[in-house]
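Sequential numbering from 1 along the given sequence is applied to the chain's residues. Heavy atoms only: backbone and side chains are in, while hydrogens, waters and symmetry mates are out.
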Amino acid sequence: EVQLQASGGGLVQAGGSVRLSCTASTFERDAYGIGWFRQAPGKEREGVSCINTPDGDTSYADSVKGRFTISSDNAKNTVHLQMNNVKPEDTAVYFCAARAVRVPGSTCLNSIYYVHWGQGTLVTVSS
């Protein structure tokens, strides 16, 4: 079973930056792709960004395109989410998750494909 550890959340001012990290116990099994999801108070969980660890293919939700960047350091089994120009509406608990299969394009933002989940890390953006 893949274990995931998310880190990097905290309090950041609007317009600032924060980097989240997700370290997996392995990318060899059940971790073909890593996704970042977030859930704000009173809202449903939504997909933010995802990456295929073998080839680096990425997808982003429209709400974060141009501001967030996902990247993979396969040597360290770690995926980063660089969040720039953050907005108060980015405030949420962010979760990373792993999926075993390749799915086309932005389909990877759908949480149903993910089997293993890490604990959340809270990002709070102050205005």
**Message:** Quick one, Arg102 and Asp57 - any side-chain contact, counting heavy atoms below 4.5 Å?
**Reply:** yes
**Prompt:** Counting distance only, does the side-chain N/O of Asn74 pair as donor-acceptor with the main-chain N or O of Pro54 below 3.5 Å?
**Reply:** no
**Message:** Heavy-atom count check: over 12 atoms from other residues, nucleotides or ligands less than 6.0 Å from Gln3 CD?
**Reply:** no
**Request:** Kindly give the heavy-atom pair with the smallest separation between Ser126 and Leu11, and that separation in Å.
**Result:** CB-CD1, 4.3 Å
**Item:** 4.5 Å side-chain heavy-atom contact, Ser111 and Phe95
**Value:** no
**Request:** Output yes when a side-chain donor or acceptor of Asp73 lies under 3.5 Å from a complementary backbone atom of Ala75, and no otherwise.
**Result:** yes
**Message:** Is there a continuous path of hydrophobic side-chain contacts, each under 4.5 Å between heavy atoms, that joins Leu4 to Trp36?
**Reply:** yes
**Request:** Enumerate the residue pairs fulfilling disulfide (SG to SG under 2.5 Å) with a member in residues 50-84, sequence neighbours excluded, ordered by first and then second residue.
**Result:** Cys50-Cys108
**Message:** Does Glu28, at its CD atom, have more than 12 non-hydrogen atoms belonging to other residues, nucleotides or ligands within less than 6.0 Å?
**Reply:** no
**Asked** Is the backbone N or O of Ala31 less than 3.5 Å from a side-chain atom of Thr53, with the two atoms forming a donor-acceptor pair by type?
**Response** yes
**Message:** Within this structure, what is the CD-CG distance for the pair Gln5 and Asn77, rounded to the nearest 0.5 Å?
**Reply:** 13.5 Å
**Complete:** Shortest non-hydrogen pair, Ala98 vs Val2, comes out as CB-CG1, 4.4 Å
**Request:** Find out whether Arg38 and Glu46 are in side-chain contact, i.e. whether some heavy atom of one side chain is under 4.5 Å from a heavy atom of the other.
**Result:** yes
**Which atom of Phe27 lies closest to which atom of Thr78, heavy atoms considered** = CZ-N, 3.5 Å
**Request:** Output the distance between atom CD (Gln13) and atom OG (Ser127), rounded to the nearest 0.5 Å.
**Result:** 9.5 Å
**Request:** Rounded to the nearest 0.5 Å, what's the gap from SG on Cys96 to NE2 on His80? Could you check?
**Result:** 11.5 Å
**Message:** Just to verify, which of Val79, Val64, Ile34, Val48 counts as forming a side chain to side chain contact (heavy atoms under 4.5 Å, CB included) with Ile70?
**Reply:** Val79
**Asked** Between Gln119 (side chain) and Ala6 (backbone), is there a donor-acceptor pair under 3.5 Å?
**Response** yes
**Prompt:** What are the two closest non-hydrogen atoms of Ala92 and Leu122, and how far apart are they?
**Reply:** O-CD1, 3.5 Å
**Prompt:** Can you find a heavy atom in the side chain of Tyr60 that is under 4.5 Å from one in the side chain of Thr69?
**Reply:** yes
**Item:** Note, Asn52 side chain near Tyr32 side chain (heavy atom, < 4.5 Å)
**Value:** yes
**Asked** Does the Thr91 side chain pair with the main chain of Val125, one donor and one acceptor, at a distance under 3.5 Å?
**Response** yes
**Message:** With clusters defined by side-chain heavy atoms of hydrophobic residues (ILVMFWY) lying less than 4.5 Å apart, directly or transitively, does Val115 cluster with Ile112?
**Reply:** no
**Prompt:** Is there a side-chain contact between Arg67 and Asp90, using heavy atoms and a 4.5 Å cut-off?
**Reply:** yes
**Request:** Check the angle between the aromatic planes of Trp117 and Phe37 and answer parallel, tilted or perpendicular using the 30° and 60° thresholds.
**Result:** tilted
**Prompt:** Mind checking whether Leu20 and Phe68 have side chains closer than 4.5 Å, heavy atoms only?
**Reply:** no
**Asked** Same hydrophobic cluster for Val93 and Val123, using side-chain heavy-atom links shorter than 4.5 Å among ILVMFWY?
**Response** no
**Request:** Kindly say whether Ser59 contributes a backbone atom to a donor-acceptor pair with the side chain of Ser49 at under 3.5 angstrom?
**Result:** yes
**Request:** State plainly whether one hydrophobic cluster holds both Val103 and Tyr114, where clusters connect Ile, Leu, Val, Met, Phe, Trp and Tyr through side-chain heavy atoms under 4.5 angstrom apart.
**Result:** yes
